[in-house]
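Taking it in order: structure first as structure tokens, then the write-up.
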Amino acid sequence: MLSKKTKYAIKALMVLGRNFGKEPMQIGKIAEEERIPKKFLEQILLEMRNAGILYSKKGAGGGYSLNKAPEDIYLSQVMRLIDGPIALLPCVSLNFYRSCEECVEEHACGIRDVFVEVRNAMLQILNDTSISHLINKEKELNLEVDSN
């Protein structure tokens, strides 16, 4: 399940993506716009800044902005940064692999085999979905709602 922290990170990135190329945004504005607790958002933004996804500027006119274009920030990056492994089992994780304690022969495990397929399908989507894609998808969905 997607953690609330990761969901908030993605929502904040979408706000900053819509603001891309403009002045940095203050934490309070992002928190208000997306109804994210400000203190929690501060931690999330700092983590993303330390990872190089965001840029921060202190002082008057300061705030946060994207350090790269919204089309270059992918959901898989954000999810791994905030929550760690994407795979549902540690034995199928690409970046956070751990063998399962109860597994005798990993290569012959039917459960593992199926969850490798699940991981691959999920990664394909997450690696292909950028913040820009989400922003455009949201615009499309809002147009559909408005036309009904």
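Worth saying up front: this structure is predicted, and the values here are computed from it rather than measured.
Of all the heavy atoms in K11 and I36, the pair that sits closest is CB-CD1, 4.4 Å. Listed here is the closest heavy atom pair of S65 and P24: CB-CA, 4.2 Å. Nearest heavy atoms, N67 versus G52: ND2-O, 3.1 Å. In plain terms, the two heavy atoms of G17 and L66 that are nearest each other are CA-CD1, 3.5 Å. Closest approach of A9 and I44 over heavy atoms only: CB-CG2, 3.6 Å.
A side-chain donor-acceptor contact under 3.5 Å links R112 to the backbone of C91. At least one donor-acceptor pair closer than 3.5 Å links the side chain of N19 to the backbone N or O of E23. Put simply, the side chain of R119 gets close to the backbone of V92: a donor and an acceptor are under 3.5 Å apart. Distance alone, capped at 3.5 Å, is enough to place a donor-acceptor pair between the T129 side chain and the I125 backbone. Between the Q77 side chain and the Y74 main chain, a donor and an acceptor come within less than 3.5 Å of each other.
A search for side chain to side chain donor-acceptor pair (under 3.5 Å) contacts involving E47 returns K5, not counting sequence neighbours.
Within the structure, ring-ring contact (aromatic ring centres under 6.0 Å, His included) pairs that include any residue of residues 12-60 comprise Y8-F40 (at least two apart or interchain). Legend: side-chain hydrogen bond (donor to acceptor under 3.5 Å, both in side chains) pairs involving residues 86-103, not counting sequence neighbours, sorted by first then second residue: Y97-E106.
Here the CD1-CD distance, from I135 to E71, works out to 9.0 Å after rounding to the nearest 0.5 Å. Distance CD1/I30 to CD/E42: 10.5 Å, rounded to 0.5 Å. Here the straight-line distance linking atom CD1 of I82 with atom NZ of K4 works out to 15.5 Å at 0.5 Å rounding. Atom CG of L75 and atom CG of N127 lie 9.5 Å apart (nearest 0.5 Å). Rounding to the nearest 0.5 Å gives a distance of 9.0 Å between CE of M14 and CD1 of I10.
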Go through it in stages, so that I can follow the logic: the residues are L89 and V118, the test is side-chain contact (heavy atoms from CB on, under 4.5 Å), and I'd like the CA-CA distance, side-chain angles, deciding distance and then a yes or no.
CA-CA 10 Å; L89 295 174; V118 170; over 6 Å; no
Going through the distances and angles, do I86 and M122 end up as a side-chain contact (heavy atoms from CB on, under 4.5 Å)?
CA-CA 9 Å; I86 290 173; M122 189 164 58; 3.4 Å; yes
Please assess I73 against S130 for the test side-chain contact (heavy atoms from CB on, under 4.5 Å), listing each intermediate value before the final yes or no.
CA-CA 5 Å; I73 302 170; S130 68; 5.9 Å; no
Are D128 and Q124 close enough, and set up right, to give a side-chain hydrogen bond (donor to acceptor under 3.5 Å, both in side chains), and what steps lead you there?
CA-CA 6 Å; D128 290 344; Q124 180 70 51; 2.7 Å; yes
Check the pair Y64, I27 against side-chain contact (heavy atoms from CB on, under 4.5 Å), reporting the backbone distance first and the verdict last.
CA-CA 7 Å; Y64 281 90; I27 293 173; 3.7 Å; yes
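Two residues are said to be in side-chain contact when any heavy atoms from C-beta on lie closer than 4.5 Å; L13 and M48 meet this criterion. L126 has its side chain out of reach of V78: every pair of non-hydrogen atoms, C-beta onward, lies at least 4.5 Å apart.
A salt bridge links R18 with E34; the closest basic N to acidic carboxylate O contact falls under 4.0 Å.
Atom CG of L94 has more than 12 heavy atoms from other residues, nucleotides or ligands within 6.0 Å. Shown here is Q26, whose CD atom has no more than 12 heavy atoms of other residues, nucleotides or ligands within 6.0 Å. Environment of NZ in K68: crowded, with over 12 heavy atoms of neighbouring residues, nucleotides or ligands closer than 6.0 Å.
No hydrogens or angles considered: nothing links the side chains of E138 and N142 as a donor-acceptor pair under 3.5 Å.
Hydrophobic clustering, with ILVMFWY side chains joined whenever heavy atoms are under 4.5 angstrom apart, keeps F96 apart from L88.
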